[in-house]
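Here the structure comes first, spelled out in structure tokens, and everything after it is commentary.
Lettering follows sequence order; numbering is per chain, from 1.
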Protein chains: 2
Amino acid sequence: MEFDDKVPIYYQIKQYIYKEIIVNRLKPGAKLPAVRQLAVKLTVNVNTVQRALSELVNEGILKPQRGKGNFVTTDISVLVDLRRRVVEGQLAMVYDRLAELQITPDEMIQYLTNYIDQRKEQSHD
Amino acid sequence: MEFDDKVPIYYQIKQYIYKEIIVNRLKPGAKLPAVRQLAVKLTVNVNTVQRALSELVNEGILKPQRGKGNFVTTDISVLVDLRRRVVEGQLAMVYDRLAELQITPDEMIQYLTNYIDQRKEQSHD
DNA sequence: ACTAGTGTATTAGCTTACTGTTACACTATA
DNA sequence: TATAGTGTAACAGTAAGCTAATACACTAGT
């Protein structure tokens, strides 16, 4: 996994796990890989993984069991809320940044549509 | 100005100046505030401002003149390119992140449209 | 009981970003 | 020539993130 050195690794790991849960590769109640395994897989230190996980625990997304492992919560409402939170966060970010550039909502839709068309053409190679 | 502590301040200052140029509050050939003034205005150290500016100089966006000040380039093509680069960067970011969440291009447009409608309603208070 | 696998905590570096300070180089103006 | 305003550079100190290593606590299987 590649990290952006402009933002803390533990934070990017957090986002990564968000993603794995949202796309259901980590299902409710599922056991995460051991922290030491994760550290190897992500080529970071155990403490860095631990920091990310502890924040996820505080958010109620992970339920750790001493001696057993970390498990995704089975509280569906928490997970549904997570998805909404993350998606809306992304939308808010573009909206705000493009608005700062004095781009109107209508133009945003237009730009995104065009951009998607470009990507479609590029993938037709 | 408020900074996000997840990303370096000098980097955010860079983005800020990008924005000021793109929305034409800093016009081609215009003189920037003195580094010491900027430092006060942004409540950061002179060196931090300097680091941001030096990168902008390397990108050909600013033209410093010793003893006089920093000036926005008059090379319009550089500025046009800057705008394209920044806008497309934002579009690429949302696209990629939403795609990672297995959201289709059509859904992206739909979501963004809905989000914009929400914002309109909220501003009608 | 023992052992292996797990989460958790602590400590000691290292590096980078930021601050604070001082100094130097150049320009314009009085 | 003196002074104020500018960019630029260098230094020391602080804080945060990351690494490395060790130790402890708990669980499950042998």
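- Panel note: side chain B:Thr113, backbone B:Ile109; a donor-acceptor pair is recorded below 3.5 Å.
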Any protein N or O atoms within reach of nucleotides 15-19 of chain D? Criterion: under 3.5 Å, listing atom names and distances.
from   : atom 1 : to      : atom 2 : distance (Å)
D:dG17 : OP2    : A:Arg51 : NH1    : 3.3
D:dC18 : OP1    : A:Ile9  : N      : 2.1
D:dT19 : OP2    : A:Asn45 : N      : 2.9
D:dT19 : OP2    : A:Thr48 : OG1    : 2.7

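- Residue pairs meeting the ring-ring contact (aromatic ring centres under 6.0 Å, His included) criterion with at least one partner in residues 65-118 of chain A, sequence neighbours excluded, are A:Tyr95-B:Tyr115, A:Tyr115-B:Tyr95.
- We find that NZ of B:Lys31 is positioned 10 Å from C1' of D:dG7, with the value rounded to whole Å.
- Atom CG of A:Leu53 and atom C1' of C:dT6 are 13 Å apart (whole Å).
- Considering only heavy atoms from C-beta on, A:Gln90 stays 4.5 Å or farther from B:Glu100 through its side chain.
- Distance, A:Gln50 CD to D:dA20 P: 17 Å, rounded to whole Å.
- Between A:Gln37 and C:dT6, a side-chain N or O to OP1/OP2 separation shorter than 4.0 Å is present.
- Summarising the geometry, the separation between CG on B:Leu32 and P on D:dG5 is reported as 19 Å, rounded to the nearest angstrom.
- Look at CG on B:Leu62: it is 16 Å from P on D:dT6, rounded to the nearest Å.
- Side-chain atoms of B:Glu107 come within 3.5 Å of backbone atoms of B:Thr104 as a donor-acceptor pair (strictly under, hydrogens ignored).
- Placement of A:Val7 and A:Ile9 in two distinct hydrophobic clusters is found when ILVMFWY residues are connected by side-chain heavy-atom separations under 4.5 Å, directly or transitively.
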Fill in: B/S/- contact track for nucleotides 24-30 of chain D, protein heavy atom under 4.0 Å
-SBSS--
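- Under 4.0 Å is where a charged nitrogen must lie from a carboxylate oxygen, and between A:Glu20 and A:Lys27 no such pair does.
- Of the possible polar contacts, none joining the B:Thr43 side chain to the B:Val40 backbone as a donor-acceptor pair under 3.5 Å is found.
- Atom CG of B:Asp4 and atom P of C:dA17 are 15 Å apart (whole Å).
- In this entry the distance linking CG of B:Asn58 with C1' of D:dT8 reads 14 Å, nearest Å.
- One can place CG of A:Asn70 at 9 Å from C1' of C:dT6, the figure rounded to the nearest angstrom.
- Residues A:Tyr10 and A:Gln50 have side chains not in contact (no heavy-atom distance under 4.5 Å, counting atoms from C-beta outward).
- B:Lys68 places no side-chain N or O within donor-acceptor distance of the main-chain N or O of B:Gln65, the cut-off being under 3.5 Å.
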